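Accompanying notes for the structure given below.
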Amino acid sequence: MVVRPRDDPRGASDGDPGPGRTGGGRPDPDGARAADVIARGVRGAEPGEVPGRLCEVAVELLPVIGASVSLRSEGMPVQLSASSAQAAHLSQIQATLGDGPCQSAVADGAPVLACDLTTGRDAGRWPVFAQQATEAGVRAVYAVPLGSGTMCVGTLDLYRDRPGALTDRQLHVARIVAGVMTVALMALPHGDEPETQDGAEWLSGLASDHDEVYQAVGMIMAQLGVGADDALARLRADAFAHGRTALDVARDVIAHRTRFDR
């Protein structure tokens with residue numbers, strides 16, 4: 001299900017008064033609680049730690065067992081953080097397949113709520129992802145875009161171990177977390193800015209998995225004499241054929257345990 005409310009994908013409508021108040025200026029108890037939990041969750045965190053902390057906050061606020069955040073990118077999404085190893089694995093599955101609620105949310109620019117991956121429309125929309133997600137213990141996935149109404153820069157993905165929809169109030173809270181996540185990511189130093197105190201540049205350390213995939217892609221390009229798109233496609237195909245993630249195969253390529261022949 002694609003949710004297309006009048007508000008933009010950040011979870012903030014035009015002229016948004018911020019968490020704790022409604023558009024009409026009335027108190028918003030859900031937003032106020034979310035603001036308190038977010039403030040507590042990120043207190044004392046270094047900038048690079050904030051995305052991971054916000055994933056943990058999402059799990060605390062919502063009826064989900066995991067959360068992950070990814071940025072859109074040419075080729076594969078860039079996984080930044082996750083609340084658990086299980087959530088990170090689900091994010092990697094979507095990246096490997098190039099399919100799933102996360103990819104659909106980026107394409108649609110609106111929240112995508114896959115409420116039941118075990119049967120029906122959601123299972124049929126992403127059949128391979130649905131099968132792998134349910135095998136990993138997840139029955140529902142909710143993908144909330146990051147960015148503005150005109151540009152989606154990534155997604156906050158929420159994972160649930162039983163079928164079911166988010167209520168309007170829960171979706172409102174998810175959009176608040178996504179909005180704060182967007183601001184946090186935009187506040188990180190960019191690569192063309194002076195280095196941070198610890199020497200880390202834009203997303204350094206957060207996107208290390210993505211770097212490994214593209215290091216492997218470069219090696220496959222040299223092995224096969226093909227372009228980057230074809231090399232990434234071969235990497236994904238090998239991962240799919242062997243029931244693995246693209247990251248797993250990439251690490252084997254880098255370690256020279258796997259080689260691609262023409």
Side-chain angles (χ1 to χ4, degrees), residues 2-5 7-12 38 41-42 45 47-59 61-62 64 66-84 87-114 126 129 133 141-159 166 171 173-191 200-214 232 236 245-247:
V2 179
V3 178
R4 295 187 179 279
D7 295 345
D8 68 42
R10 295 173 301 174
I38 289 169
V42 302
E49 297 173 340
V50 172
R53 295 278 192 95
L54 288 174
C55 287
E56 294 170 358
V57 164
V59 175
L61 287 169
L62 296 163
V64 298
S68 63
V69 57
S70 300
L71 291 183
R72 71 183 302 172
S73 172
E74 294 297 328
M76 288 181 63
V78 182
Q79 184 191 110
L80 300 183
S81 294
S83 64
S84 65
H89 179 64
L90 267 294
S91 179
Q92 287 291 345
I93 289 175
Q94 294 190 79
T96 298
L97 296 174
D99 192 28
C102 165
Q103 303 292 313
S104 298
V106 168
D108 297 333
V112 173
L113 310 181
W126 309 282
F129 170 73
V141 176
Y142 318 114
V144 185
L146 307 177
S148 68
T150 58
M151 179 178 293
C152 173
V153 299
T155 58
L156 171 66
D157 296 327
L158 306 167
Y159 308 102
L166 292 180
L171 180 59
V173 170
R175 288 160 65 92
I176 289 174
V177 177
V180 176
M181 183 77 78
T182 299
V183 173
L185 293 175
M186 294 303 100
L188 288 172
H190 290 234
E201 295 184 351
W202 166 242
L203 299 182
S204 177
L206 293 179
S208 57
D209 291 349
H210 187 265
D211 293 341
E212 288 181 286
V213 168
Y214 279 93
L232 178 58
R236 279 175 151 164
T245 68
L247 178 60

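It should be emphasised that the depicted structure is a prediction, and the values quoted were computed from it without experimental measurement.
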Would you check, one step at a time, whether the test side chain to side chain contact (heavy atoms under 4.5 Å, CB included) holds for R53 with S81?
CA-CA 9 Å; R53 295 278 192 95; S81 294; over 6 Å; no

CZ (F129) and CG (L97) are apart, to the nearest 0.5 Å, by 8.0 Å

Once side chain to side chain contact (heavy atoms under 4.5 Å, CB included) is applied, do any residues pair with V59, and if so which ones, sequence neighbours excluded?
V64, A67, S83

Across all chains, not counting sequence neighbours, the side-chain hydrogen bond (donor to acceptor under 3.5 Å, both in side chains) partners of S91 are S70, Q79

Evaluate the side-chain proximity of C55 to V69: yes if any heavy-atom separation is below 4.5 Å, no if none is.
yes

Pair Y142, L156 - check side chain to side chain contact (heavy atoms under 4.5 Å, CB included), show working.
CA-CA 8 Å; Y142 318 114; L156 171 66; over 6 Å; no

So how far is it from I38 CD1 to I176 CD1, rounded to the nearest 0.5 Å?
6.5 Å

Could you pull out all residues at least two apart from A107 that satisfy side chain to side chain contact (heavy atoms under 4.5 Å, CB included)?
none

Just verifying a value: how many Å separate S104 OG and L113 CG, rounded to the nearest 0.5 Å?
11.5 Å

Take L146 and L185 through the side chain to side chain contact (heavy atoms under 4.5 Å, CB included) test and state the conclusion after the steps.
CA-CA 10 Å; L146 307 177; L185 293 175; 3.9 Å; yes

Just how far is it from atom CG of L54 to atom CG of L80, taken to the nearest 0.5 Å?
11.5 Å

Would you indicate whether the side-chain heavy atoms of V180 and V57 approach each other to under 4.5 Å?
no

One should read off an interatomic distance between R175 CZ and L166 CG, to the nearest 0.5 angstrom, of 11.5 Å

What pair of heavy atoms forms the shortest contact from S68 to Y159, and how long is it?
OG-OH, 2.8 Å

Result for side chain to side chain contact (heavy atoms under 4.5 Å, CB included) between Q94 and one of D157, T245, T155 points to D157

Those residues at least two apart in sequence (or on a different chain) that pass side chain to side chain contact (heavy atoms under 4.5 Å, CB included) with R72 are V106, C152

Contact summary for L158 and A174, nearest pair of heavy atoms
CD1-CB, 4.0 Å

